[in-house]
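Below you'll find the structure, written out as structure tokens, and then a few comments.
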There are 2 protein chains.
Amino acid sequence: MVPNQAHSRYHHGDLRNALIQAATTVLVEKGAAALSLREVARVAGVSHAAPYRHFRDKAALLRVLAQGGFERLTAALNRAAENSPHNPEQKLIEAGVAYVRIVVQHPEITRLMFAGTVEPQQDPAYLAATAACYEALLDIIRQGIAQGTFRQRPPQQLVLVAWASMHGLAMLAVARLLEVDVDDELTLDVLIRSVAANVIYGIVK
Amino acid sequence: MVPNQAHSRYHHGDLRNALIQAATTVLVEKGAAALSLREVARVAGVSHAAPYRHFRDKAALLRVLAQGGFERLTAALNRAAENSPHNPEQKLIEAGVAYVRIVVQHPEITRLMFAGTVEPQQDPAYLAATAACYEALLDIIRQGIAQGTFRQRPPQQLVLVAWASMHGLAMLAVARLLEVDVDDELTLDVLIRSVAANVIYGIVK
DNA sequence: ACCTGAACACCGTTCAAGT
DNA sequence: ACCTGAACACCGTTCAAGT
């Protein structure tokens, strides 16, 4: 069932994925302001009306990009947790470092993921992707509670502090409200670890 | 030097502020997607080219709205700190509640403030507004350190944890990634206080 | 089943011309 | 000094028509 060559000039074959690829390229290289559906179509080498056979509208394409961002984030969190020692504190810190790094390395995708313009409500695949990200953090917290390292609280309560603090740090960095150079990984690392440590051990002495 | 009536049909008098007002109305009532410079001009009752006498481009107008958001946020933080008891822990919690509430109550302005599309770098007034917001939080932290309630750490280190966690919680709420109804103030309050308490006392028991 | 080209109603921005 | 109207080069979306 491979698309035959007679078709392949006119019928693209896998235009859907080509459009996702093109949109990502445009977004990363030229920014969100330059990301028009017409430009994406141009980069993919099709007419400006062609994308409408594969996405209901522009928002639907953007939602796919955002979903990809959540999947990448979840993968990074799980990788960080696996590669850390058994100690749940260390696991949480490394997950935090991974979280902030990924967010900061892909600011344009981050904006799509967290700007709130993408309405997750009706798309089950999208919801699953965001839930998986939350679960990755929850696993670490649950383990810390089970081992007696973390406070005996509902895990949803503790995971929210961890998520909120890492997410906030990342968003402040992306918005350039920290005096840190976002591309200076070493300094950013120190900052992340400092925030993570304070979250874990508390501000009060 | 009041603008005389002969002028006032053609020469608006205070178009700059009228445009800011119109833009705010459009943003709040119809959302960021509907916020075009032409629509703003329409609402203000002038031609679509008139705004260019008062703002270099669309981004300049949006930056003014974002700056207003920071000023309102700073005012709310200072008010919360003043109205709280002498106890720095309580002050910090109330400031957190105020922060998240303001952010959540004005999601569209929040997006402008923190999306990172507005480049603060070159605008001194804008930078001053963001710095004042940071200072409001820093004051509370400094006081807590001075009184011996908070850990003896550089205040910039502690303020970052507090800011990041409150900011993160607010941004997750705005992005509708929490299962909470953002308009349910009571539930949101419980959440904020839970996060604040965990930040202050730590995740580790 | 998938893609194109013309068409429609929008944008942001500029610039000569009006008051 | 401030505002308008026409103009230009863009958008997102739709739809009849092509392959």
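Every chain is numbered from 1 and lettered A, B, ... according to where its sequence line falls, protein lines coming before strand lines. These numbers come from a predicted model, not from an experiment.
- Every side-chain contact (heavy atoms from CB on, under 4.5 Å) that Val28(A) has, sequence neighbours left out, goes to Thr24(A).
- At a non-hydrogen distance threshold of 4.0 Å, Ser36(B), Leu37(B) from residues 30-37 of chain B come into contact with DNA chain C.
- Residues from residues 40-55 of chain A lying near DNA chain C, meaning a heavy-atom separation below 4.0 Å, are Val46(A), Ser47(A), His48(A), Ala49(A), Ala50(A), Arg53(A), His54(A) in numerical order.
- Here the CD atom belonging to Gln90(B) is positioned 11.5 Å from the CD1 atom belonging to Ile140(B), to the nearest 0.5 angstrom.
- Partners of Gln21(B) by side-chain contact (heavy atoms from CB on, under 4.5 Å), not counting sequence neighbours, listed by chain and number: Thr25(B).
- Looking only at distances, no side-chain donor or acceptor of Asp189(A) sits under 3.5 Å from a matching main-chain atom of Ile192(A).
- Here CG of Leu137(B) is found 12.0 Å from CG of Leu158(B). Values are rounded to the nearest 0.5 Å.
- Partners of Arg38(B) according to the side-chain hydrogen bond (donor to acceptor under 3.5 Å, both in side chains) rule, which considers only residues two or more places apart in sequence or in another chain, do not exist here.
- Summarising the geometry, atom CE belonging to Met113(B) is positioned 7.0 Å from atom OH belonging to Tyr126(B); distances are rounded to the nearest 0.5 Å.
- Taking a 4.0 Å limit (strictly below) on heavy-atom distances, residues 107-117 of chain A does not reach DNA chain C anywhere.
- In this structure, Arg38(B) and Leu15(B) both approach DNA chain D, and ranking their closest nucleotides by distance from the 5' end singles out Leu15(B).
- A salt bridge does not link Glu82(B) with Arg79(B): none of the charged nitrogens is closer than 4.0 Å to a carboxylate oxygen.
- The side-chain contact (heavy atoms from CB on, under 4.5 Å) check on Pro155(A) picks up Leu138(A), Ile141(A), Arg142(A), Ile145(A), with sequence neighbours excluded.
- The CD atom of Glu39(B) lies 12.0 Å from the CG atom of Leu27(B); values are rounded to the nearest 0.5 Å.
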Solution key, residues 64-73 of chain A side-chain donor-acceptor pairs under 3.5 Å, sequence neighbours excluded:
| unit_1 | atom_1 | unit_2 | atom_2 | d |
| --- | --- | --- | --- | --- |
| Gln67(A) | NE2 | Glu71(A) | OE2 | 3.2 |
| Arg72(A) | NH1 | His106(A) | NE2 | 3.2 |

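- Taken to the nearest 0.5 Å, the CG atom of Leu178(A) stands 12.5 Å off from the CD atom of Gln156(B).
- Not counting sequence neighbours, the partners of Ala44(A) by the side-chain contact (heavy atoms from CB on, under 4.5 Å) test are Leu15(A), Leu19(A), Ala22(A), Val46(A).
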I'd like a table of donor-acceptor pairs (distance under 3.5 Å, sequence neighbours excluded) in which one partner is a side-chain atom from residues 196-204 of chain A, with atom names and distances.
| unit_1 | atom_1 | unit_2 | atom_2 | d |
| --- | --- | --- | --- | --- |
| Asn198(A) | ND2 | Ser194(A) | O | 2.9 |
| Tyr201(A) | OH | Glu89(A) | OE2 | 2.7 |

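- Contacts between residues 56-65 of chain A and DNA chain D, counted as heavy-atom distances below 4.0 Å, involve Asp57(A), Lys58(A).
- The backbone N or O of Leu35(A) lies less than 3.5 Å from a partner atom in the side chain of Lys58(A), making a donor-acceptor pair.
- The nearest whole Å value for the distance from the CG atom in Asn17(B) to the P atom in dC2(D) is 14 Å.
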Dot-bracket notation for DNA chain D, counting Watson-Crick and G-U pairs under 3.5 Å, with | for partners on another strand:
||.|||||...|||||.||

